[in-house]
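To keep things clear, I will list the structure first and then write my remarks on it.
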Amino acid sequence: QVQLVESGGGLVQPGGSLRLSCAASGSIFSIYRMGWYRQAPGKQRELVAEITKNGPTNYADSVKGRFTISRDNAKNTVLLQMNSLKPEDTAVYYCNMYLGVVPSTHRDYWGQGTQVTVSS
């Protein structure tokens with residue numbers, strides 16, 4: 001089985017930074033896409049950032065210039081560096097990976113979610 005373990009969430013003041021990490025464990029055959037989503041109170045779930053197996057990235061307009069997504073294929077890990085955080089960034093952040101696994105299966109996998117709170 002495959003599991004995604006997230007870390008790095010917490011409470012931070014406006015203007016501060018956090019780095020989220022998500023590591024996949026289990027029988028992983030290939031990595032197609034990694035990304036981060038978030039669900040804020042009163043808002044719909046949204047894509048924050050994603051990165052493909054070849055490196056191209058995609059960001060939500062609201063985080064461009066502030067967040068950076070990266071990956072470590074050898075460690076099956078995706079990172080999200082969040083700078084200049086704003087109160088509106090407060091949300092539960094979910095790690096997402098589209099993986100090929102043994103035996104001959106590929107689909108989306110999700111982490112349990114980690115809380116990010118931006119408040120004075």
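Keep in mind that what you see is a predicted model, and the values were worked out from it rather than measured.
Between Ala24 and Met97, the shortest heavy-atom distance links the atoms CB-SD, 3.7 Å. Residues Val78 and Met34 approach most closely at CB-SD, 3.5 Å, considering heavy atoms. The shortest heavy-atom contact between Val2 and Leu99 is CG1-CD1, 3.9 Å. Counting all heavy atoms, side chain and backbone alike, Asn54 lies closest to Pro56 at C-CD, 3.1 Å. The two residues Gln115 and Val92 make their nearest non-hydrogen contact at OE1-CG2, 3.3 Å. In terms of heavy-atom proximity, Tyr59 sits nearest to Thr68 at OH-CA, 3.4 Å.
Among the candidates Ile51, Val63, Leu79, the single residue satisfying the side-chain contact (heavy atoms from CB on, under 4.5 Å) test with Ile69 is Ile51.
Side-chain contact between Leu20 and Trp36 is present, with at least one heavy-atom pair separated by less than 4.5 Å. A heavy-atom distance below 4.5 Å is not found between the side chains of Lys53 and Arg33. Between Gln44 and Glu46, every side-chain heavy-atom pair lies at or beyond the 4.5 Å cut-off.
Here the straight-line distance linking atom OH of Tyr93 with atom CG of Leu80 works out to 7.5 Å at 0.5 Å rounding. Here the CG atom belonging to Leu47 is positioned 4.5 Å from the OH atom belonging to Tyr37, to the nearest 0.5 angstrom. Atom CG of Leu18 is separated from atom CZ of Phe67 by 9.0 Å, given to the nearest 0.5 angstrom.
Listed for the Thr117 side chain is no donor-acceptor partner under 3.5 Å among the backbone atoms of Thr90. In this structure, the side chain of Arg38 does not engage the main chain of Ala91 through any donor-acceptor pair within 3.5 Å. Remark: the backbone N or O of Lys75 is paired with a side-chain donor or acceptor of Thr77 at under 3.5 angstrom.
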Inset, instruction - Decide side-chain hydrogen bond (donor to acceptor under 3.5 Å, both in side chains) for Asn76 and Arg71; before the verdict, give the C-alpha distance in whole Å, the side-chain angles of both, and the deciding distance to 0.1 Å. - result: CA-CA 8 Å; Asn76 297 329; Arg71 65 190 294 171; over 6 Å; no

Atom pairs and distances, donor-acceptor, side-chain atoms in residues 4-17, under 3.5 Å, two or more places apart:
from, atom 1, to, atom 2, distance (Å)
Glu6, OE1, Gly113, N, 2.6
Glu6, OE2, Cys95, N, 2.4
Ser17, OG, Asn83, OD1, 2.9

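With respect to the salt-bridge test (charged N to carboxylate O, under 4.0 angstrom), the residues Lys86 and Asp89 do not qualify.
Linking Ile, Leu, Val, Met, Phe, Trp and Tyr whenever their side-chain heavy atoms come within less than 4.5 Å leaves Tyr94 and Val116 in two separate clusters.
Under the 30°/60° scheme for interplanar angles, the aromatic rings of Tyr98 and His106 are found to stand perpendicular.
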